[in-house]
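Contents: one structure, followed by commentary.
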Amino acid sequence: DGGITQSPKYLFRKEGQNVTLSCEQNLNHDAMYWYRQDPGQGLRLIYYSQIVNDFQKGDIAEGYSVSREKKESFPLTVTSAQKNPTAFYLCASAPGTSVYNEQFFGPGTRLTVL
Amino acid sequence: GNSVTQMEGPVTLSEEAFLTINCTYTATGYPSLFWYVQYPGEGLQLLLKATKADDKGSNKGFEATYRKETTSFHLEKGSVQVSDSAVYFCALLYSGAGSYQLTFGKGTKLSVIP
């Protein structure tokens, strides 16, 4: 089955630790995105990548880092510099960079920092 | 800048009632418009989309028409079911400086009671 997988579904970390969230897609999509969702708010863009080995900051990139070494993978690292990391993180992908291409979302990872 | 404004929830309806969730947007150029749905604990699923003015998107009994004159994309359904209970997000996709980013509204939570 084609789709986007995110792992793990729930993640707990101690304050001050870096943590990496996985996102994999087998849809052969060029573009991939990371969003953060907080209660009562819409999604906010963290980072996005339109092509392998290239990525751009979104609206709230501070305290996060990404890599795009393979087309199918776009891991997100939440660093200790992120002041309020507890949130629901959603990964998405799209066939290409066009306003006609909707984004397809993974099931999300809920990160809780203790 | 670009923005999306949705009616605030939560919205509670009885089964078979008529649903309207208002969405208005501000954007430069000609964005595409989307409605996404999020069921509890899951990622977002595309519900419907419209890519140009006067287009009507429809899916699963839901409809929305891209109204450029009123900058609106209101979601409607004639008869809601309990299974429609979810959070609904209006979003626009625009291109600017070579990037293609989704801007989301804050979401409207719908609860349908039997």
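Lettering of chains follows the sequences in order, A, B, ..., and the numbering in each one begins at 1.
Note on A:Leu21: it does not cluster hydrophobically with A:Leu45, by side-chain heavy-atom contacts below 4.5 Å among ILVMFWY residues. Following chains of ILVMFWY side-chain contacts shorter than 4.5 Å, one cannot reach A:Ile51 starting from A:Phe104, and the two form parts of different hydrophobic clusters. In the hydrophobic cluster analysis, where Ile, Leu, Val, Met, Phe, Trp and Tyr join through side-chain heavy atoms closer than 4.5 angstrom, A:Ile4 is grouped apart from A:Val52. Both B:Val4 and B:Leu33 are assigned to one and the same hydrophobic cluster, defined by single-linkage of ILVMFWY side chains at heavy-atom distances under 4.5 Å. Both A:Val78 and A:Tyr47 belong to a common hydrophobic cluster when Ile, Leu, Val, Met, Phe, Trp and Tyr are linked at side-chain heavy-atom distances under 4.5 angstrom.
Contacts classified as side-chain hydrogen bond (donor to acceptor under 3.5 Å, both in side chains) and involving residues 1-16 of chain B (residues at least two apart or in different chains) are given here: B:Gln6-B:Thr108.
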Next item on the list: Dump the intermediate steps for side chain to side chain contact (heavy atoms under 4.5 Å, CB included) on A:Leu43 and B:Phe89, then the final yes or no.
Entry: CA-CA 9 Å; A:Leu43 280 68; B:Phe89 291 93; 4.2 Å; yes
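Residues of residues 83-92 of chain A that come closer than 4.5 Å to chain B, counting heavy atoms only, are A:Phe88, A:Leu90, ordered by residue number.
Annotation for A:Leu114: hydrophobic cluster partners, listed by chain and number, are A:Tyr10, A:Phe12 (ILVMFWY side-chain heavy atoms under 4.5 Å, direct or chained).
With values rounded to the nearest 0.5 angstrom, B:Thr51 atom OG1 is found 10.5 Å from A:Glu102 atom CD. Interatomic distance, OH of A:Tyr48 versus CG of B:Leu102, reported as 12.0 Å (0.5 Å rounding).
More than 12 heavy atoms of other residues, nucleotides or ligands shown are found within 6.0 angstrom of NZ on A:Lys9. In the displayed structure, A:Glu69 atom CD is contacted under 6.0 Å by at most 12 heavy atoms of other residues, nucleotides or ligands.
Neither the backbone nor the side chain of A:Gln56 comes within contact range of chain B, judged by heavy atoms closer than 4.5 Å. Proximity to chain A (any heavy atom under 4.5 Å) is restricted, for B:Gln38, to the side chain, taken from C-beta onward.
When all heavy atoms of A:Phe105 and B:Leu44 are compared, the closest pair comes out as CB-O, 3.3 Å.
For B:Lys106, the salt bridge (Lys or Arg N to Asp or Glu O under 4.0 Å) test picks out no residue, with sequence neighbours left out.
When B:Gly43, B:Cys90, B:Gly105, B:Gly41 are compared by the number of non-hydrogen pairs under 4.5 Å with chain A, B:Gly43 comes out ahead.
For B:Tyr36 (side chain) and A:Gln103 (main-chain N/O), a donor-acceptor pair under 3.5 Å exists by modelled atom type.
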